[in-house]
Asker: 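Submitted below is the structure of interest, expressed as structure tokens.
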Amino acid sequence: MLDEEKAATQPKPVNDSSGNNSSSEHLSEAKSRSTFFDRFSEDLDPRYVYLPLLVCCLATGLTDGTLYNAYGTFVSMQTGNTVFVALGTSGQNNKPYGWARSLTSIGSFIVGCVTFSRFHALIGRGRQRRTVFISFLVQTIFVALAAGIIQGGLIDGRYPSRRDPSDVDFAELAPIALLSFQAAGQIVNSRGLGVAEVPTVVITTLLCDLVSDPNIFAPFAQNPKRNKRAIAFTLTLVGAIAGGFISKATGLVQNSLWLVAALKLAITVFWFFCGKEKKS
């Protein structure tokens, strides 16, 4: 009888297997989240970071080849825009208020350079995965916005334009500003990634550095900087030719911009999957 009473008063073992399973699941989820966010803090493998910048050269050719034909200004190469602004002071622009388009492009490019450089300093290093991922995501959005403005008919997107040349539409400044701002991100990224030989938006210095290289005729594998410069120049040229042909074939401006947005999106995805730097 006493044995039965003791057995009744003793606490029964609790089966906490469900609790253990729940704790394991929470730990696994927390670990997965930690691994995902840690990935964005990694430095990228310097051997491959130049590849997306070469694609940016193609994108630069596409945008400038298209926008200059349509609106008489560049959005990446600001040397030409500076000349256009200077000519505008004596009323020698080819289009009415052409200087205003070029001035908008220059101003937006400057603001973009300041914004992207400060942004990089704020969130991390120039070769950090999250830095370039967010930067190119912003660039993609800005190009898509510019293409959407034209696609939506807010400004004339026909090529060649059927509007009276004397009819000035200042709404054209919106896509010019968006595209110039995002173009600044490319050259800031090239500096941050340590690939200054591929500035992505400047041809003059690129050509100078290419042809003045004392080892310009060295074997292919012995001069990687020369190789990058030569490919960058070629891709910029090909992009500009393609932009002209696309505009001419389709009679529309936005198609080239959608292609640029797709290229920028592909680069953004590339940064996520790009390998990390191996610590020695």
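Here the structure is a predicted model, which means the values were calculated and not measured. Computed over heavy atoms, backbone and side chain alike; hydrogens, waters and symmetry mates excluded.
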Asker: Looking at every heavy atom in both Gln78 and Ser180, which two are closest together, and how far apart are they?
Answerer: NE2-OG, 4.5 Å
Asker: Does the side chain of Lys225 come within less than 4.5 Å of Asp213's, by heavy atoms?
Answerer: no
Asker: Could Arg229 and Glu197 be called an ion pair, given the rule that one side-chain N must be under 4.0 Å from one carboxylate O?
Answerer: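 No, this pair does not count.
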Asker: Would the number of heavy atoms belonging to other residues, nucleotides or ligands and lying under 6.0 Å from CH2 of Trp99 be above 12?
Answerer: no
Asker: State which residue, out of Leu122, Thr115, Val114, fulfils the side chain to side chain contact (heavy atoms under 4.5 Å, CB included) condition with Arg118.
Answerer: Val114
Asker: Indicate yes or no: at least one non-hydrogen side-chain atom of Asp156 is less than 4.5 angstrom from one of Arg158.
Answerer: yes
Asker: Minimum heavy-atom separation for Val85 to Ser102, with atom names?
Answerer: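 Shortest heavy-atom separation between Val85 and Ser102 comes out as CG2-CB, 3.7 Å.
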Asker: Should Leu210 and Val195 be regarded as members of a common hydrophobic cluster, given that ILVMFWY residues are connected when their side-chain heavy atoms come within less than 4.5 Å of each other, either directly or indirectly?
Answerer: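 No; tracing contacts between hydrophobic side chains, which count when under 4.5 Å, never links both residues.
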Asker: Passes side chain to side chain contact (heavy atoms under 4.5 Å, CB included), Phe84 versus Ile106? Steps please.
Answerer: CA-CA 11 Å; Phe84 293 154; Ile106 294 171; over 6 Å; no
Asker: Establish whether Phe272 and Val138 are linked, either directly or via other cluster members, by ILVMFWY side-chain heavy-atom contacts under 4.5 Å.
Answerer: yes
Asker: Between atom CD of Gln222 and atom CG of Asn227, what is the distance when rounded to the nearest 0.5 Å?
Answerer: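 Here the interatomic distance stands at 10.5 Å.
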Asker: Can a donor-acceptor pair be found, under 3.5 Å and without considering hydrogens, that links the side chain of Asn223 to the backbone of Asn215?
Answerer: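 It does hold such a pair.
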Asker: To the nearest 0.5 Å, what is the distance between CZ (Phe270) and CG (Leu44)?
Answerer: 8.0 Å
Asker: What heavy-atom pair brings Gly112 and Ala184 nearest, and what distance separates the two atoms?
Answerer: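 So the minimum-distance heavy-atom pair works out to C-CB, 3.5 Å.
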Asker: Indicate, with yes or no, if the rings of Tyr97 and Phe170 have centres closer together than 6.0 Å.
Answerer: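 Yes, ring centres under 6.0 Å apart.
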Asker: Is any side-chain heavy atom of Ile123 closer than 4.5 Å to one of Phe40?
Answerer: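 They are not in side-chain contact.
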Asker: Carefully, step by step, assess Val253 and Tyr71 under the rule side chain to side chain contact (heavy atoms under 4.5 Å, CB included).
Answerer: CA-CA 10 Å; Val253 174; Tyr71 306 124; 4.3 Å; yes
Asker: Hey, are the side chains of Ile141 and Gln182 touching, using non-hydrogen atoms and a 4.5 Å cut-off?
Answerer: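 No, side chains not in contact.
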Asker: Answer yes or no: is there a side-chain heavy-atom contact under 4.5 Å between Leu67 and Leu257?
Answerer: yes
Asker: What I'd like to find out is whether the side chain of Phe74 reaches to under 4.5 Å of the side chain of Ser105, using heavy atoms alone.
Answerer: no
Asker: Treating Ser135 as the side-chain partner and Thr131 as the backbone partner, does any N or O pair qualify as donor plus acceptor under 3.5 Å?
Answerer: no
Asker: Is there a path of hydrophobic side-chain contacts, each under 4.5 Å between heavy atoms of I, L, V, M, F, W or Y residues, that connects Leu252 with Leu62?
Answerer: no
Asker: With a 4.5 Å limit on heavy-atom distance, are the side chains of Thr73 and Asn81 in contact?
Answerer: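 Yes, at least one pair of side-chain atoms sits under 4.5 Å.
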Asker: Search all heavy atoms of Met77 against all heavy atoms of Val201 and return the closest pair with its distance.
Answerer: CG-O, 3.1 Å
Asker: List the atom of Trp258, the atom of Gln151, and the distance in Å for their closest heavy-atom pair.
Answerer: NE1-OE1, 3.0 Å
Asker: Pick out which of Val260, Thr66, Val143, Asp64 makes a side chain to side chain contact (heavy atoms under 4.5 Å, CB included) with Leu179.
Answerer: Val143
Asker: So, taking the atom named OG1 in Thr236 and the one named CD1 in Ile231, what distance separates them when rounded to the nearest 0.5 Å?
Answerer: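 Atom-to-atom, Thr236:OG1 and Ile231:CD1 are 11.5 Å apart.
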Asker: Do you know which two heavy atoms are closest between Arg127 and Pro46, and how far apart they sit?
Answerer: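 So the two residues come closest at NH1-CD, 3.7 Å.
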Asker: Should Leu235 and Leu51 be counted in the same cluster of Ile, Leu, Val, Met, Phe, Trp and Tyr side chains packed under 4.5 Å apart?
Answerer: yes
Asker: Partners of Tyr50 by ring-ring contact (aromatic ring centres under 6.0 Å, His included), sequence neighbours excluded?
Answerer: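 Here no residue qualifies.
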Asker: Working to the nearest 0.5 Å, report the span between OG1 of Thr200 and CD1 of Ile187.
Answerer: 6.0 Å
Asker: Are Leu53 and Ile267 linked, directly or through other ILVMFWY residues, by side chains that come within less than 4.5 angstrom of each other?
Answerer: yes
Asker: Scan Phe116, Phe136, Phe181 and name whichever one has a ring-ring contact (aromatic ring centres under 6.0 Å, His included) with Phe142.
Answerer: Phe181
Asker: Can you tell which of Val111, Ile110, Thr104 makes a side chain to side chain contact (heavy atoms under 4.5 Å, CB included) with Ser108?
Answerer: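 The option that passes is Thr104.
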Asker: So, do Arg191 and Pro199 sit near enough that their side-chain heavy atoms are less than 4.5 Å apart?
Answerer: yes
